[in-house]
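Owing to the predicted nature of the structure, the values given are computational and were not obtained by experimental measurement.
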Amino acid sequence: MRKFKRLGWGLLALVGVLAVVIGSLTYHLKPDYDGEKKLQNLSEEVDVYYDTYGIPHIYAENDADAFKALGYVHAQDRLWQMELLRRIGKGGLSEVFGKDLLGTDKFFLALGIDDYSSETIAKLNTSDAAVQMSQAYLDGVNQFVKEGPTPVEFYLTGIDKKPFILKDVYNTIGYMAFSFAMAHKTDPLLSKIKDKLGFEYLKDLEINSDTTTQWIKNYPRNKTDSIHKSISDVVMASLKKLSIPLFEGSNGWAIAPEKTKNGKVIFSNDPHIGFSQPSVWYEAHVSTPTYEKYGYHLAGVPYPLLGHNRKLAYGMTMFENDDVDFYYEKTHPTDTRKYRSGNEWKDYEIIAKTIKVKDSDDVHFSYKKTHHGPILNGIADQVTGDRPISMWWIFTKVENKLLNSLYNMSYATSLDDFQHALEDLHAPGFRYCLWRCRG
């Protein structure tokens, strides 16, 4: 009986210690919603009020101060979420979660998001307003990284906090652009239906082309051809391992004032993004003498992807267009370093990468690349056989002006301004719905 009593008191003491530890962590690591903070290089005082829903309302005398404050409050609420999102495009998940994420890191490195972001940064004009406001936002984020409490997830995974840079913003947007792409799922599926069931089954689908048209030479299916199902498999296998929801599906609609009871516009936007904790979106209201926006921000991105002010409201929906294609490449019969491009032979580009892996040695790997894109053989375990399969993605083929587009959308004061801002929106999966509130 005494042993049982001792065991009971021991368990009670352990529970008490755990309660104290958890309570202490909760108190010291929780966001600070009152008091005063001293942000570096603020030119004027900034007021931040939190409503009953925990949404920050930021009032500043100039835009740079406002975005700096936004970066700080965004980081204190969502720093771990920012950390994960910026790691996807640069193949940095294995460093946090171990070798199980190696396939995902290899896939996203091969997509070229990180290299594409580096090329974009090298061409940026630092005096551009979109860049300056983005840097002000990052200054606020980094002050919290330096001075604020460390979220518990960093302790649990054993990684250190590091400053955020402009390239992280582009990598996050690049991941979102890929998540909104659809052809990497639909193209292999349609090919499989055609090969297994025939053209008649495709006629029941809403495909805006003649299903009997053969645009390129088709080859009979055999054991060495793996594109039919494996491409979709590898993409989905990589995406399912992510610890954040995918940006998949959406809709939006508006009712004109002459069709509503009170004579005002009704505008609705419904991005079908998976449930998560914390939410994908971060709500914030920012107001200055020259700028005002109530918007929904992606973690680590300074400008809201959907939002409204007193003149305009806009939402984002998914545009399921054909932005990804897969190609069979032909390797030279006697020189495996070359592939056919038109009527000539070109050298494969060899890309070497290194991935840091938690509790393990760094992984060094390389992949081939053609003018279409990366060769998936060797990158995706599901892609087998000798025939090289490359992946072409329009997002990385043109100049990246997405940050400017988001900035100009945020600052648009008229329908014309907003439409001009969309001209630089080159991510094919993004489609914006807009309505003028008044004026």
Side-chain angles (χ1 to χ4, degrees), residues 50-58 70 74 77-78 81 85 172-173 175-182 185-186 206 244-287 291-321 323 402 405-439:
Y50 288 88
D51 62 24
T52 55
Y53 298 100
I55 298 168
H57 298 258
I58 300 169
L70 173 64
H74 198 169
D77 283 340
R78 302 291 182 86
Q81 189 181 46
L85 276 176
T172 297
I173 297 174
Y175 161 66
M176 186 177 189
F178 179 76
S179 185
F180 267 63
M182 280 297 292
K185 305 172 188 177
T186 57
E206 294 183 1
I244 59 175
L246 303 179
F247 305 93
E248 185 171 12
S250 54
N251 57 45
W253 50 263
I255 300 178
E258 59 268 19
K259 297 182 180 295
T260 65
K261 185 176 181 179
N262 62 3
K264 298 183 182 296
V265 174
I266 297 178
F267 177 76
S268 176
N269 178 218
D270 179 18
H272 303 336
I273 296 175
F275 290 110
S276 70
Q277 185 59 263
S279 169
V280 168
W281 300 117
Y282 184 75
E283 289 185 58
H285 172 213
V286 179
S287 178
Y291 174 84
E292 184 171 22
K293 188 71 65 189
Y294 187 107
Y296 296 77
H297 300 74
L298 191 63
V301 178
Y303 311 114
L305 277 76
L306 38 150
H308 67 272
N309 56 22
R310 301 181 190 280
K311 293 184 177 180
L312 298 174
Y314 57 92
M316 182 180 65
T317 64
M318 186 177 183
F319 186 37
E320 297 185 6
N321 60 342
D323 53 354
L402 269 177
S405 180
L406 294 176
Y407 170 86
N408 290 327
M409 281 191 285
S410 296
Y411 276 83
T413 58
S414 68
L415 292 176
D416 287 340
D417 288 345
F418 197 91
Q419 289 170 346
H420 286 311
L422 295 180
E423 294 174 1
D424 290 332
L425 188 69
H426 82 283
F430 294 171
R431 179 174 60 183
Y432 271 89
C433 305
L434 170 70
W435 196 264
R436 181 173 61 188
C437 296
R438 68 176 190 178

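- Taken to the nearest 0.5 Å, the CG atom of Leu425 stands 4.5 Å off from the OG atom of Ser405.
- Minimum interatomic distance between Pro304 and Ser410 (heavy atoms only, all atoms of both residues): CD-OG, 3.5 Å.
- For the side-chain contact (heavy atoms from CB on, under 4.5 Å) criterion with Met176, the lone passing option out of Val280, Leu85, Leu298, Leu402 is Leu298.
- Between His57 and His285, the ring planes are perpendicular. Angles over 60° get that label, and only those under 30° would be called parallel.
- Across all non-hydrogen atoms, the minimal contact from Gly300 to His74 is N-CE1, 3.9 Å.
- Leu422 contributes atom CG, which lies 10.5 Å from atom OH of Tyr314 (distance to the nearest 0.5 angstrom).
- For Phe418 against Met409, the heavy-atom pair with the smallest separation is CZ-SD, 3.5 Å.
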### Task
Check the pair Glu283 / Tyr53 against side chain to side chain donor-acceptor pair (under 3.5 Å), numbers first and verdict last.
CA-CA 10 Å; Glu283 289 185 58; Tyr53 298 100; over 6 Å; no
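- For Asn408 and His420, the side-chain atoms include no donor-acceptor pair closer than 3.5 Å.
- Here the straight-line distance linking atom CG of Asp77 with atom CD1 of Ile55 works out to 11.0 Å at 0.5 Å rounding.
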#### Entry: Pair Asn269-Trp253, side chain to side chain contact (heavy atoms under 4.5 Å, CB included): steps then yes or no
CA-CA 7 Å; Asn269 178 218; Trp253 50 263; over 6 Å; no
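- Closest approach of Gly315 and Phe267 over heavy atoms only: N-CZ, 3.4 Å.
- Distance alone, capped at 3.5 Å, places no donor-acceptor pair between the Asn309 side chain and the Lys293 backbone.
- With sequence neighbours excluded, the residues forming a side chain to side chain contact (heavy atoms under 4.5 Å, CB included) with Ala284 are Pro56, Leu70, Tyr282, His297, listed by chain and number.
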### Message
Test side chain to side chain contact (heavy atoms under 4.5 Å, CB included) on Val265 and Ile255; report intermediate values, then the result.
### Response
CA-CA 6 Å; Val265 174; Ile255 300 178; over 6 Å; no
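- Partners of Tyr303 under the ring pair (Phe, Tyr, Trp, His ring centres under 6.0 Å) rule, at least two apart in sequence or in another chain, are Phe67, Tyr407.
- Considering every non-hydrogen atom in both Thr413 and Leu312, the closest pair reads C-CD1, 4.0 Å.
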### Task
Report the C-alpha separation of Trp281 and Leu305 in whole Å, then their side-chain angles, then the decisive distance to 0.1 Å, and conclude whether the side chain to side chain contact (heavy atoms under 4.5 Å, CB included) test is met.
CA-CA 9 Å; Trp281 300 117; Leu305 277 76; 4.0 Å; yes
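- Residues passing the ring pair (Phe, Tyr, Trp, His ring centres under 6.0 Å) test with Tyr296: none are found, sequence neighbours excluded.
- Within the 4.5 Å cutoff, the side chain of Ser279 has no heavy atoms near those of the Gln81 side chain.
- Between Val286 and Tyr291 the shortest side-chain heavy-atom distance falls below 4.5 Å.
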